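Letters go in sequence order (proteins before strands), and every chain restarts at 1. Quantities reported herein were computed from a predicted structural model and do not represent experimental measurements.
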Amino acid sequence: MERKDLANLIFPDAKDYTYYEEKYVARSLPEGAVVTRFAPSPTGFVHIGGIYQSLIARLMTKDQGVFFVRIEDTDQKREVEGGTKQIIDALYDFDLAPNEYVDENDVDHGEYGPYKQSLRKEIYHSYAKKLLEEGNAYPCFCSPEDLDAIRNDQEKAKERTGYYGKWTKCRNMPVDMAIERIKNGDPYIVRFKSPGNPDKKIKHKDVIKGAVDFPENDQDIVIIKSDGLPTYHFAHAVDDHLMQTNLVIRGDEWLASVPLHLQLFYVLGFKSPKYAHIAPMMKVDGEGKRKLSKRKDPESAVGYYKEEGIPKQSVLEYLMNIANSNFEIWRKQNQDKSMYEFDFDIKKMGVSGALFDMVKMLDVSKNVISRYTAEEVYDASLTWAKEYDEELAAMLENKEYALKVLSIERGNAKPRKDIAKWSDVKNTICYMYPDKFDKNGEFEYQKVTDKDEIDNIVKTYFEKYYNPADDKQAWFDKMKDLAEEMGYCREVKEYKANPDAYKGHVGDISTVIRVKLTGRCNTPDLYEIMQVLGLDEIKNRI
RNA sequence: GGCCCCUUGGUCAAGCGGUUAAGACAUCGCCCUUUCACGGCGGAGACAUGGGUUCGAUUCCCGUAGGGGUCACCA
């Protein structure tokens, strides 16, 4: 009996691997075009890190390369119904549509599929069979208990753990015995027969991490599990070879697997891709920090941003800042350009994980939203409100009025930056709505707090000075006149030079009017507010 | 524990043998014809640590400490 018989016994129906080599023809792409992918497991949770990775992938491929999505569902225990749809939808939500992918009905969009690993079983079998025939893989009959025992012995002997070299039981099993045991019905999996020597070093040049040297891999890792599906490592090698990935962008938890992966590519006769291992986003936890966690950090889920109403553009630009910190300088100078025009450099990405900073994210978002027109703010908040805030949606029903409100101090050279997320909108505009305003509410006045004084100021202003037809300058001059009449200084500077001569200054007076009309002391330009409110509503509030 | 990586202000970070050690967020003060915001100006605030190498180290080398990753029939 020979290895070929063993291979046939294990994978009787597998096609010869050359079938696939011929089937997946070379991509015709311009010189230097990047082919990369996002390869998530459909666990029903789309992590912000996935968007980050996809952003980088999209940036690297832009219009001449290929960005595809491959669903890695080889661990059926973790798979969640609808997981694939969530991933693809999230990518579309963030304008990161892949060039090739599989949809929720398992329909492939692209020529190099299937793009879902569970549908590629026979492909993996063909390559595993090749390895078996060549003697680069072997069936292993060790039970989980056997493996535990080996590890125990290794720990006792203070040696490296794992299935390798002298600790293996099945690596050198005669072919005849293996065949006999399989025929006998003994359970087994198939392992890679590693040619590595850990005393030798391999040199790896990571696109992001730079030069990293490792000992060679000597672990006989499993390549085909008992359910017939491949492990990540094997699937990675086979898929990225066949799909012709030339740049693997993935989380740096994979960095330690590079020696194994390179070895796999080598033994399989594949050209290995370049690797870019990106650092994860971190979060402070007690004394130290840890990766942004699905369980503990709501902001790790992409759904969080949608619910909060943080625009996708804001999330993307924040991520861009983390990826290349010079992005924000560029953005400041190129306010109107698409972020994709930025000259992104993957080599500039940080090698260690950055703390995720929501305050910074919201600041980025304020800037992003400040560039929106009133119409855009209106559309986006309405869309958000329809799903998450009925009250806001109702307020926005009168579009003409809403637009007037949202236009206050917007569209000029120094737009207001008071909205970081759509869920802020209600609070920033609610006092502009008669039915949301309670004129009998207890308001915080700033400086002038005496009730009679307040009444007096308001009364005098509306009886003697206010004229809705005034332009802004006239309006403000009258505010000064009022200040003077009430014993307040017309000019703030003058007041500051001689504070004892007056009860206060024009700002204190206008604040009284402001609070009376809006219920708060911080609002945008009062003149504009009064214009939008209209005389009837103003009268109603005084 | 083995292997690998990392360490510049509260945070994100420029830097790549000689700099007054950028910038952004946060913070504080002042200014900007009314508040808040915006904007402007300014303040405070950092090279983990010990040894080398060097005329000179934040930058190069070694050690120490701290942090992170990885050692599955999970990805």
* To do: Identify all stems in which RNA chain B takes part, counting only runs of at least 3 consecutive pairs (Watson-Crick or G-U wobble, each distance under 3.5 Å), and give each as one range with another, ordered by first number.
  => B:1-7 with B:65-71, B:10-12 with B:23-25, B:27-31 with B:39-43, B:48-52 with B:60-64

Considering only atom [atom1], compute the distance from [N] to [M] and round it to an integer number of Å.
N: B:U19; M: B:G67; atom1: P; result: 33 Å
N: B:C74; M: B:G50; atom1: C1'; result: 42 Å
N: B:G42; M: B:G15; atom1: C1'; result: 25 Å
N: B:U8; M: B:U53; atom1: C1'; result: 22 Å
N: B:G68; M: B:C12; atom1: P; result: 14 Å
N: B:C25; M: B:A14; atom1: C1'; result: 15 Å
N: B:U20; M: B:C4; atom1: P; result: 39 Å
N: B:C60; M: B:C47; atom1: C1'; result: 15 Å

* Structure fact -> So the salt bridge (charged side-chain N to carboxylate O under 4.0 Å, His left out) pairs with at least one residue in residues 221-230 of chain A (sequence neighbours excluded) are none

* Asked: Below 6.0 angstrom between ring centroids: does that apply to A:Tyr318 and A:Phe356?
  -> yes

* Does the ring centre of A:Phe234 sit less than 6.0 Å away from the ring centre of A:His261? -> no

May I ask you to say what [X] touches in the nucleic acid, namely base, sugar-phosphate or nothing, with a heavy-atom cut-off under 4.0 Å?
X: A:Ser257; answer: nothing
X: A:Val364; answer: nothing
X: A:Lys417; answer: sugar-phosphate
X: A:Ser510; answer: base
X: A:Pro259; answer: nothing
X: A:Phe214; answer: sugar-phosphate
X: A:Lys480; answer: base
X: A:Lys493; answer: sugar-phosphate
X: A:Pro280; answer: nothing
X: A:Lys201; answer: sugar-phosphate
X: A:Ile189; answer: base
X: A:Ser41; answer: sugar-phosphate
X: A:Arg191; answer: sugar-phosphate
X: A:Asp525; answer: base

* Structure fact -> What one should report as the nearest heavy-atom pair of A:Lys116 and A:Val102 is CB-CG1, 4.2 Å

* Residues A:Glu159 and A:Lys166 bridged, charged N to O under 4.0 Å -> yes

Please set out all donor-acceptor pairs under 3.5 angstrom arising from side-chain atoms of residues 475-482 of chain A, sequence neighbours excluded.
from     : atom 1 : to       : atom 2 : distance (Å)
A:Trp475 : NE1    : A:Tyr461 : OH     : 3.1
A:Asp477 : OD1    : A:Gln473 : NE2    : 3.2
A:Lys478 : NZ     : A:Tyr465 : O      : 3.2
A:Lys478 : NZ     : A:Asp470 : OD1    : 3.4
A:Lys478 : NZ     : A:Asp470 : OD2    : 2.7
A:Lys480 : NZ     : A:Glu491 : OE2    : 3.2
A:Asp481 : OD1    : A:Arg490 : NH1    : 2.9
A:Asp481 : OD1    : A:Arg490 : NH2    : 3.3

* Between A:Asp418 and A:Leu255, which is nearer to the 5' end of RNA chain B once each is assigned its nearest nucleotide? -> A:Leu255

* Structure fact -> Closest to the 5' end of RNA chain B, once A:Thr523 and A:Arg151 are matched to their nearest nucleotides, is A:Thr523

* For RNA chain B, which nucleotides open and close the run of contacts to chain A, 5' to 3', at under 4.0 angstrom from a non-hydrogen atom? -> B:C3 to B:A75

* Looking at A:Tyr163, does the NZ or CZ of A:Arg191 lie under 6.0 angstrom from its six-membered ring centre and within 45 degrees of the ring axis? -> yes

* Looking at A:Tyr275, is A:Arg250 sitting on its ring face, NZ or CZ under 6.0 Å from the six-membered ring centre and within 45 degrees of the normal? -> no

* Side-chain donor-acceptor pair under 3.5 Å between A:Gln117 and A:Asp73, yes or no? -> no

* Asked: How would you list, by chain and number, every residue that makes a side-chain hydrogen bond (donor to acceptor under 3.5 Å, both in side chains) with A:His125, sequence neighbours excluded?
  -> none

* Asked: Residues two or more places apart in sequence or in another chain: which of them pass side-chain hydrogen bond (donor to acceptor under 3.5 Å, both in side chains) with A:Asn427?
  -> none

